[in-house]
Amino acid sequence: MLGTYTGKLLRINLSTGEIKVEDIPEEYLRKYIGGRGLASYYLYKEVDPKVDPLSPENKLIFATGPLTGTAAPTGGRYMVVTKGPLTGTIASSNSGGFFGAELKHAGYDMLIVEGKSDKPVYIYINDDQVEIRDASHLWGKGTHYTTDKLKEETGLSRAKVACIGPAGENLVKFAAVINDKHRAAGRTGVGAVMGSKMLKAVIVKGSKKPKAATDKFLHVIREKTDTLRKDSITGEGLPKLGTKVLDNIINQNGLYPTRNFQTGVFEKTYEVSGEALVEKGYLIKNRACYACPIGCGRVTKLPTGLEGEGPEYETGWAFGADCGVSDLNAITEANFLCNDLGLDTISTGATIACAMELYERGILPKEDLQKGPELRFGNSEAIVYYTYKIAYREGLGDKLAEGSYRFAESYGHPEYSMSVKKQELPAYDPRGVQGHALEYATSNRGGCHVRGYMISPEILGVPEKLDPQSLEGKAEWVKIFQDLTAVIDSEGLCLFSSFALGADDYRDLLAAATGWDISTEEVMKAGERIWNLERVYNLKAGIDPKEDKLPKRFLEEPMPDGPNKGAVVKLDELLPKYYEVRGWTKEGIPTEEKLKELGIE
Amino acid sequence: MDERRDTDRGETKGTGNRIKIEFFATLRLVLGVAGLEIEADGPVTVRQLISIASEKLGTDISAKLMDGDKIKRGTMILVNGKNIHHLNGLDTLVKPGDRVAVFPPAGGG
Ligand code: SF4
């Protein structure tokens, strides 16, 4: 009946030690699909939007989708959903690897963690055997050590681990949850919420494979896998060069944010690009997440002997061009540090970049560096040094750990923080892409590129090429992309599959897995429902629609050079149109009718 | 090597009567060259440029970039940083001194 859902959630209260298993009503599943959607619904029902994100009243939800842990291509994704400490909005962070699939195999669609422990603990899940165990010996340790140690001491060598590093323990506002050592539920500070609950890790081992409701499932999987294999992006580009193929693309198109977004062309891209990684022989092999035929992950080894996964495009940019750094060794070292200390690479790099601009402008005084390396653009020593300091909240790191917005604000200049709703923007200068700029301004979890990746049509030409500077139809495109992304995140698939698959494909997979007679329209409606629910949560949390904005730089400072020279973002034209397309008031509030239509109480 | 560095520095022009073409991503790995320069006395179309480049390389790159007479979905050809989709497609004129960047279909994020 429930197909590839388990229909169960595991609820653990760390204050009382209570552990329960609950049924999930099928009605919720059909309305919110799973993963991001279902977890957002539980958060909406159970957590007061006004709650302090780092208080025991907040909850931390690990959620899989109906396709997580199945053989559906890219079906290894899970979400971490909570109220976020960086933005004060709903936070939801997606990750791959193997942890999500294992949680599903243990028999749970979701794990809801409540309350707060008074000493460090970890959660042990071996199918039906669930325990809260002491983690005092792991507190203060990195994610690599923690992962290995937990497998060793539980004797579950094939179990999967999601954990925090020192950054999460120290409540760094952009701390990540790291699973399988190298995969991150990176953004929005979900790791700090985990740290606030004194929860060091979750180790899980499962033995139950989900069973589809229809025999067609295998056939549909084969068909979609074939589409992904034959597509030139998912079948060739991503496997061969990984996400770093974008360095040159975005730079040549003139929107590669350089030195805290002061310009859109980085003169040293040739030294740090994906092509360089291959040509210099640093790339050892690809690595794929669970059930993924694409395999975009990179395993790299540097001349210094350092070996690990990454850097991905975003990370390479955040510590590279955004900080004006072209030393691939230092960039990769900072990347590996983030994984071990449990930090979001985008916010870490971008916060350091913001500090560099403040320093060069004379706003951040030298004595505040407390003898640390100079925060000058291009200083590769600085990116590694301050990454470490942030995780431990030492010296200037304590202030940087609050994120670029609060940091710049404390010096009286929040306008130098390149963030939306206090979360740092990723590696595309919005002045070069009007639709993507609108996506930044309206993202429900703050500055982010994976809530409606408009780079795909505006730059990459997929599914069709749109003029990046035109405003025509952009509001409509953004809405569709946002809704579709909510579907993908809720089904438990990877967003990268959407370079080759479309809404009908996601419907086919869901229908075959669950046995539901469901139309593409209903699936997209679920995506819209999820988007609106997140929006309502944010409004109730006190996030004013006036926060749907961009840093002044993008609206008032024309791009100084490159192909987009002279461009600014025309947000005042895009935003009213977007509210209209969404069926919201002109103030940006979902109307009664809209909520009724979507069935949101 | 040096040729690639010059253009990547963001210089928008080739030199003298030459058109500079650069290859990226898997195309660069397959061709084994980062780019080439083509001499031209006057403007040529992108279509012509592709066939001249194919001849020079000894490999027909048009099959990689074009679907019949159209640009392949996801293929990106930039003339001085502007996508030819929003110029004149394969009929876009390239002048001596211009810079052309060619990417096969690619994605990431
Ligand atoms: S495309 Fe990359 S990130 Fe996505 S599931 Fe596959 S390997 Fe993981």
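The sequence lines fix the lettering, A, B, ..., with proteins before strands; numbering per chain opens at 1.
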Query - OH on Tyr313(A) to CG on Asp247(A), rounded to 0.5 Å - result: 6.0 Å
Query raised in the report: So which of Asp561(A), Val462(A), Ile249(A) has the largest heavy-atom pair count under 4.5 angstrom toward chain B?
Result: Ile249(A)
**Report entry** Trace of the side-chain contact (heavy atoms from CB on, under 4.5 Å) decision for Leu246(A) with Tyr428(A)
**Finding:** CA-CA 10 Å; Leu246(A) 287 174; Tyr428(A) 312 90; 3.5 Å; yes
Query - Main-chain N/O of Arg99(B) paired to Asn80(B) side chain as donor or acceptor, under 3.5 Å - result: yes
Query raised in the report: NZ/Lys244(A) to CD/Glu314(A) distance, rounded to the nearest 0.5 angstrom?
Result: 10.5 Å
Query raised in the report: If you tally heavy-atom pairs under 4.5 Å against chain B, which of Ile250(A), Leu495(A), Ile455(A), Asn253(A) wins?
Result: Asn253(A)
Report summary line: If one checks every heavy atom of Ala25(B) against chain A at 4.5 Å, the contacting part turns out to be both
Query raised in the report: Below 4.0 angstrom, N of the basic side chain to O of the carboxylate: do Glu267(A) and Arg259(A) qualify?
Result: yes
Query raised in the report: What pair of heavy atoms forms the shortest contact from Gly295(A) to Cys292(A), and how long is it?
Result: N-SG, 3.5 Å
Query raised in the report: Between the side chains of Asn564(A) and Arg431(A), is a donor N or O closer than 3.5 angstrom to an acceptor N or O?
Result: no
Requested in this report: Can you spot which of Phe377(A), Tyr440(A), Trp317(A), Phe266(A) makes a ring-ring contact (aromatic ring centres under 6.0 Å, His included) with Phe261(A)?
Outcome: Trp317(A)
Query raised in the report: Taking non-hydrogen atoms and a cut-off under 4.5 angstrom, which of residues 464-474 of chain A neighbour chain B?
Result: Lys465(A), Leu466(A), Asp467(A), Pro468(A)
Query raised in the report: Is it the backbone or the side chain of Leu29(B) that comes under 4.5 Å from a heavy atom of chain A, or both, or neither?
Result: side chain
